[in-house]
Chemist: 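Here it is, the structure in full.
Residues take their numbers from the sequence shown, with the count starting at 1.
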Amino acid sequence: MVTLYFLTQEGSLCAQHCLNNLLQGEYFSPVELSSIAMQLDEQERMRMAEGGVTSEDYRTFVQQPSGNMDDSGFFSIQVISDALSVWGLELTLFNSPEYRNLGIDPINEKAFICNYKEHWFTVRKLGKQWFNLNSLLTGPELISDTYLALFLAQLQQEGYSIFVVKGDLPECEADQLLQMVQVQQMQRPRLIGEDAAARDQRVQRSEAGVEGDRLYNSSAMVDEDDDNLQKALALSRQQIDMEDEEADLRRAIQLSMQGGHQSDITEPLVSNTPQSSGNSEPEPLTSEELRQRRQAYFEKQQVKMEHLSSKGLKQTTNAQTMDSEADGASEENMLKAATNMSLDTRKQSSKSAEEN
């Protein structure tokens with residue numbers, strides 16, 4: 001396991017991060033860099049005072065804020081250069097004519113410091129490999145030897161100023177380990193802002209997925225409850241219909257039995273009553289004759305129903321269903337006929353009783 005010293009961006013302290021990532025350790029603090037900046041400001045003030053403290057240039061310089069640091073934590077190239085001079089290191093402008101005339105291949109250098117506007121970061125060689133130690137990244141980025149020159153040229157096109165670090169850097173454990181082994185990077189680091197945005201998107205997608213599942217489950221439960229309610233209502237209606245049919249059947253049978261019983265009681269009274277020879281009214285029917293007529297009426301109604309069924313007045317594709325419906329209609333008609341016959345019998349009995 002090779003561990004590189006790497007600081008990610010905090011506020012605008014990129015100059016401090018740049019120096020410490022370059023030296024691979026906690027070498028400089030914001031307080032120490034501020035002290036260097038104030039020393040540089042005092043040196044500049046003294047040089048301006050040589051032209052006279054009453055001069056317009058001096059008064060303008062004194063009224064202006066420091067050019068070596070600000071309240072956000074930014075430090076100038078002079079502060080960085082003075083801080084590196086403590087370790088015997090110097091900075092040379094990469095695209096200066098003097099350096100170009102040397103014809104040095106970038107891979108033979110030890111480190112570069114890059115600046116764009118108010119941001120500083122380091123590109124350093126550790127062991128035999130190059131790393132981009134930009135504090136705006138989530139971690140160190142491995143740079144191949146063939147890509148290094150292209151990477152520096154791209155930075156120049158984007159407006160970066162590049163400085164070559166000259167001198168012997170302090171020894172560090174990462175440099176010693178990488179002299180013996182080489183590392184591979186499976187996944188390149190992201191910019192800090194992009195990584196935070198990607199995490200937010202993952203969280204939003206996860207929350208949206210959970211909410212969608214909750215809504216889907218709720219809708220499914222509502223649909224299931226509706227289905228169960230419809231089934232319960234259908235079963236209840238079927239049960240009520242069956243109960244009504246059974247009640248009608250019991251009432252019809254009861255009326256039929258009451259009609260037969262009354263005819264049996266009335267029959268002896270009628271048979272024992274003498275009839276006048278001048279009366280042309282038909283004789284009342286006996287119980288046996290009533291039974292025979294009722295049976296004949298039932299058979300006649302059944303023949304009619306079978307005849308209607310054979311003509312296809314009520315068709316269905318299921319033969320068993322058609323038979324059951326025909327039987328049900330026959331039974332219903334038979335019950336109606338029995339009820340009518342009972343009523344006829346009661347009327348005849350009442351009429352006979354009135355005549356007597």
Chemist: Which of parallel (below 30°), tilted (30 to 60°) and perpendicular (above 60°) describes Phe112 and Phe94?
Modeler: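 Geometry flag for Phe94 against Phe112: perpendicular rings.
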Chemist: Within a radius of less than 6.0 Å around CG of Asn101, do more than 12 heavy atoms belonging to other residues, nucleotides or ligands occur?
Modeler: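 Atom CG in Asn101 is crowded, with more than 12 foreign heavy atoms closer than 6.0 Å.
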Chemist: Taking the side chain as every heavy atom from C-beta outward, state whether Met69 and Val79 have any atom pair closer than 4.5 Å.
Modeler: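 No, their side chains stay 4.5 Å or more apart.
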Chemist: Donor-acceptor pair, distance only, cut-off 3.5 Å: does the side chain of Trp120 make one with the backbone of Phe74?
Modeler: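 No, the answer is negative, given that no donor and acceptor are paired below the 3.5 Å cut-off.
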Chemist: For residues Trp130 and Phe151, establish whether the separation of their ring centroids is below 6.0 Å.
Modeler: no
Chemist: Under 3.5 Å, is there a donor-acceptor pair between the side chain of Ser81 and the main chain of Gln78?
Modeler: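 Answer holds: no.
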Chemist: Would you name the heavy atoms of Arg45 and Phe61 that are closest together and state the gap between them?
Modeler: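 Taking Arg45 first and Phe61 second, the nearest heavy atoms are CA-CE2, 3.4 Å.
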Chemist: Quick one: OG on Ser144 to CD on Gln185, what's the gap to the nearest 0.5 Å?
Modeler: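 Ser144 atom OG to Gln185 atom CD measures 11.5 Å (nearest 0.5 Å).
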Chemist: Which heavy atom of Pro140 sits nearest a heavy atom of Leu133, and at what distance?
Modeler: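 So the minimum-distance heavy-atom pair works out to CB-CD2, 3.9 Å.
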Chemist: Under the side chain to side chain contact (heavy atoms under 4.5 Å, CB included) criterion, do Asn21 and Phe131 qualify, and how do the steps go?
Modeler: CA-CA 10 Å; Asn21 287 342; Phe131 294 90; over 6 Å; no
Chemist: Check this for me: does any side-chain nitrogen of one of Lys125 and Asp175 sit under 4.0 Å from a carboxylate oxygen of the other?
Modeler: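 No, this pair does not count.
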Chemist: Quick one: do Glu90 and Lys166 make a salt bridge, cutoff under 4.0 Å?
Modeler: no
Chemist: What verdict does the side chain to side chain contact (heavy atoms under 4.5 Å, CB included) test give for Leu169 and Lys110, after you've listed the backbone C-alpha separation in whole Å, the side-chain angles of each residue and the deciding distance to 0.1 Å?
Modeler: CA-CA 8 Å; Leu169 294 167; Lys110 296 179 180 179; 4.3 Å; yes
Chemist: Can you check whether Tyr5 reaches Cys172 side chain to side chain, under 4.5 Å on heavy atoms?
Modeler: no
Chemist: Please report the shortest heavy-atom distance between Pro30 and Leu13, naming the atom on each side.
Modeler: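 Closest pair (atom of Pro30, atom of Leu13, distance): CG-CD1, 3.9 Å.
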Chemist: Work out which heavy atom in Tyr147 is nearest to a heavy atom in Gln154; give both atom names and the distance.
Modeler: OH-OE1, 3.7 Å
Chemist: Would a single hydrophobic cluster contain both Ile162 and Leu19, if residues Ile, Leu, Val, Met, Phe, Trp and Tyr are joined by side-chain heavy-atom contacts under 4.5 Å?
Modeler: no
Chemist: Taking the six-membered ring for Trp and the full ring for Phe, Tyr or His, determine whether the centres of Tyr116 and Phe121 are under 6.0 Å apart.
Modeler: no
Chemist: Any chance the side chains of Ser72 and Asp70 put a donor and an acceptor closer than 3.5 Å?
Modeler: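 A donor-acceptor contact under 3.5 Å links the two side chains.
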Chemist: Between the main-chain N or O of Ala111 and the side-chain N or O of Arg124, is there a donor-acceptor pair closer than 3.5 Å?
Modeler: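 Not confirmed, Arg124 side chain does not pair with Ala111 backbone.
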Chemist: Determine, stepwise, if the pair Thr8 / Ile192 fulfils side chain to side chain contact (heavy atoms under 4.5 Å, CB included).
Modeler: CA-CA 8 Å; Thr8 56; Ile192 294 176; 4.1 Å; yes
Chemist: Does Thr60 reach the main-chain N or O of Glu56 with its side chain, forming a donor-acceptor pair under 3.5 Å?
Modeler: yes
Chemist: Membership question, hydrophobic clusters at under 4.5 Å side-chain separation (ILVMFWY): are Leu7 and Leu191 in the same one?
Modeler: no
Chemist: Taking a hydrophobic cluster as the set of Ile, Leu, Val, Met, Phe, Trp and Tyr residues connected by side-chain heavy atoms closer than 4.5 Å, whether directly or through intermediates, do Leu102 and Leu148 fall within one such cluster?
Modeler: yes
Chemist: With a 4.5 Å cut-off on side-chain heavy-atom distances among I, L, V, M, F, W and Y, is there a chain of contacts connecting Leu84 to Ile36?
Modeler: yes
Chemist: State whether the number of non-hydrogen atoms from other residues, nucleotides or ligands found under 6.0 Å of Asp71 atom CG is greater than 12.
Modeler: no
Chemist: Excluding sequence neighbours, so at least two apart, what forms side-chain contact (heavy atoms from CB on, under 4.5 Å) with Gln182?
Modeler: Lys128, Gln129
Chemist: Less than 4.0 Å between a side-chain N and a carboxylate O, is that true for Glu50 and Arg47?
Modeler: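 So Arg47 does not pair with Glu50 through a salt bridge.
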Chemist: When you compare the side chains of Ser161 and Asn115, does any donor N or O come within less than 3.5 Å of an acceptor on the partner?
Modeler: no
Chemist: Quick check: do Ile104 and Glu109 have side-chain heavy atoms less than 4.5 Å from each other?
Modeler: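 Counting from C-beta outward, Ile104 and Glu109 do come under 4.5 Å.
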Chemist: Side chains of His119 and Asn134: is there a donor and an acceptor less than 3.5 Å apart?
Modeler: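 Checked: His119/Asn134 side chains pair up, N/O donor to acceptor below 3.5 Å.
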Chemist: Is any side-chain heavy atom of Tyr27 closer than 4.5 Å to one of Pro170?
Modeler: yes
Chemist: Any sub-3.5 Å donor-acceptor pair from Arg188's side-chain atoms to Glu141's backbone N or O?
Modeler: no
Chemist: Would you find a donor on one side and an acceptor on the other, under 3.5 Å apart, between the side chain of Gln24 and the backbone of Phe6?
Modeler: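 No: the side chain of Gln24 does not pair with the backbone of Phe6.
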Chemist: In the single-linkage hydrophobic clustering (I, L, V, M, F, W, Y; side-chain heavy atoms under 4.5 Å), do Ile80 and Phe28 co-cluster?
Modeler: yes
Chemist: Only one of Ile113, Leu91, Asn68 forms a side-chain contact (heavy atoms from CB on, under 4.5 Å) with Ile77, so which one is it?
Modeler: Leu91
Chemist: Go through Leu177 and Leu126 one step at a time and tell me if the side chain to side chain contact (heavy atoms under 4.5 Å, CB included) criterion holds.
Modeler: CA-CA 9 Å; Leu177 291 174; Leu126 292 168; over 6 Å; no
Chemist: For Glu98, enumerate each residue passing the side-chain contact (heavy atoms from CB on, under 4.5 Å) test, keeping only those at least two apart in sequence or located in another chain.
Modeler: Ser96
Chemist: Around atom CD of Glu173, are there more than 12 heavy atoms of other residues, nucleotides or ligands at under 6.0 Å?
Modeler: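 Incorrect, the count does not exceed 12.
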Chemist: Where do Ser135 and Cys14 come nearest, in terms of heavy atoms and distance?
Modeler: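 Closest approach of Ser135 to Cys14, heavy atoms only: OG-CB, 4.4 Å.
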Chemist: Salt bridge (Lys or Arg N to Asp or Glu O under 4.0 Å) with Glu26: which residues, sequence neighbours excluded?
Modeler: none
Chemist: Between the side chain of Asn132 and the main-chain N/O of Val123, is any donor-acceptor distance below 3.5 Å?
Modeler: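 No, Asn132 side chain to Val123 backbone: no donor-acceptor pair under 3.5 Å.
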